[in-house]
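Structure, as structure tokens:
Every chain is numbered from 1 and lettered A, B, ... according to where its sequence line falls, protein lines coming before strand lines.
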2 protein chains.
Amino acid sequence: MTELDNTTEKKILDAAKVVFLEKGFDGARMQEIADEAKINKALLHYYFRCKDNLFNAIFQEAFQQFLPKVAEVMMTEKPLFEKIEFFIDNYITMLLNNPHLPGFIMHELNRNPGRIVNIIKSSGVKPEYLGIAIQKEVDAGLIIPIDPVHLIINMLGLCLFPIIGKPIITGFFFNGSTRAYQKFLSERKKEVTSFVINSIKKK
Amino acid sequence: MTELDNTTEKKILDAAKVVFLEKGFDGARMQEIADEAKINKALLHYYFRCKDNLFNAIFQEAFQQFLPKVAEVMMTEKPLFEKIEFFIDNYITMLLNNPHLPGFIMHELNRNPGRIVNIIKSSGVKPEYLGIAIQKEVDAGLIIPIDPVHLIINMLGLCLFPIIGKPIITGFFFNGSTRAYQKFLSERKKEVTSFVINSIKKK
DNA sequence: GTCTATATTGTGATAGAC
DNA sequence: GTCTATCACAATATAGAC
């Protein structure tokens, strides 16, 4: 960011991110974004002309944040188990800092799946990298064979669901106790890492 | 259902389910529901008085559908591995038939977490059942120790994410090919089952 | 650039005939 | 029970003063 961080535009974007991520496009109100940014509603339109433009700016940024961590693990040259550990650790950390992110991305993509094609293109990530790393370990007899796509989806599901499913988990398993849920979350890195590695390690 | 299935009320509920599950509460329009039910908008209000009432009817039913499968696995008396296999098979089958269900439930619960407390209460499910089954297997030395809550969340994440994440998976890993995504889904039962069992089986 | 006031459209909900 | 017509208000967007 070369510009000053306290410009009106930045304040609007910050506010819009809070509101959109919490309420989604349909649930968000321009008025609420204006309030959150402590400015007038008309200024939103002065800067972004319409709700759609503002939303797109937020979605773009959110998706960048959501995706790169998936990409990193594929790009590095580490051995597979380190790759997995690195990915899970980093990804869960990011999710803990952005708990609304996954639900927002999922919901908005399902609401408008066409959106994704433009965004994917500009990401330049190639899942093949992880495939190569996995094949190496299979050849060395270190792990059982597994389809790299399934492996990545497994890891994503294990990392994401505890965040998206907060209300269900809290309500259903912890009787509404947010503290118990937080404790549960703090165990996830260790739990997911060993769960994944156990499942692909040769017996 | 003791009543006839083709009553107006049923037509409304069917239509509302389609629209709400696809668009969510905020994105759904009474007009669209009326169109889908091939009736007039005023009739919706005659039968349900307001959008909220109609939504609650749908949400209640959807949640019942979403939850019981989680409950079943805890209730049965089978050995653990059979329980797991049974659960994954049934749950993924249900999800394939109701692909919008998980995203709908997640989004609406996050939008209004208070909603869950009333619903959980009436379900009468106790996660302890699976805990007991797991402890049995641990004592018998058949599996490594694992927290039953983590195990259930792991299974849910592995089953649910491929459905909720359809646009991401299709766009990111399969270049937009829905056929490839469908093939991927058809492999999930086997994949998830062996993934889970491998991860907890003693080496 | 920022504000107040206002236009314009969308949407949930009701009135009243049949 | 079902329809057409309409209300009332909420929400996006714009006009125009400063």
- Message: Under a 3.5 Å threshold, yes or no: a donor from one side chain and an acceptor from the other, between N112(B) and E108(B)?
- Response: no

- K41(B) atom NZ is separated from dT14(C) atom P, nearest whole Å, by 12 Å

- In whole angstrom, give the distance that lies between atom CG of L44(B) and atom C1' of dT14(C). 14 Å

- For N97(B), does the CG atom sit with more than 12 other heavy atoms under 6.0 Å from it, leaving out its own atoms? yes

- Atom-to-atom span, CZ of F55(B) to P of dA13(C) - whole angstrom: 14 Å

- Query: Between D52(A) (CG) and dG10(C) (P), how many Å, whole number?
  - Reply: 14 Å

- Look at the side-chain N and O atoms of Y47(A) and state whether any lies under 4.0 Å from the OP1 or OP2 oxygen of dG1(C). yes

- Of the nucleotides dG12(C), dT14(D), dG1(D), which has the atom closest to the L43(B) side chain? dG1(D)

- Note on the structure: Atom OH of Y46(B) and atom P of dA5(D) are separated, to the nearest Å, by 21 Å

- Taking the six-membered ring for Trp, are the ring centroids of F55(A) and F20(A) within less than 6.0 Å of each other? yes

- Query: With sugar-phosphate meaning primed atoms plus P, OP1 and OP2, does A34(A) contact a base, only sugar-phosphate, or nothing at under 4.0 Å between heavy atoms?
  - Reply: nothing

- Task: Would you kindly give the CZ-to-C1' distance between R29(B) and dG12(C), to the nearest whole Å?
- Result: 10 Å

- Task: Return no unless some side-chain N or O of H45(A) is found under 4.0 Å from OP1 or OP2 of dT14(D).
- Result: no

- Item | Integer-rounded Å distance: dT11(C) P and Q31(B) CD | 10 Å

- Note on the structure: Against the side chain of M30(A), the closest entry in dG12(C), dT12(D), dC3(C) is dT12(D)

- Query: With the threshold set at 4.0 Å, does a side-chain nitrogen-carboxylate oxygen contact exist between R111(A) and D26(A)?
  - Reply: yes

- Query: Hey, is the side chain of T8(B) poking within less than 4.0 Å of OP1 or OP2 on dT2(D), counting only N and O atoms?
  - Reply: yes

- Candidate list V192(A), I84(A), L160(A), test side chain to side chain contact (heavy atoms under 4.5 Å, CB included), partner M155(A), passing option: I84(A)

- Message: In this structure, how many angstroms lie between the P atom of dG1(C) and the CD1 atom of I12(A), rounded?
- Response: 10 Å

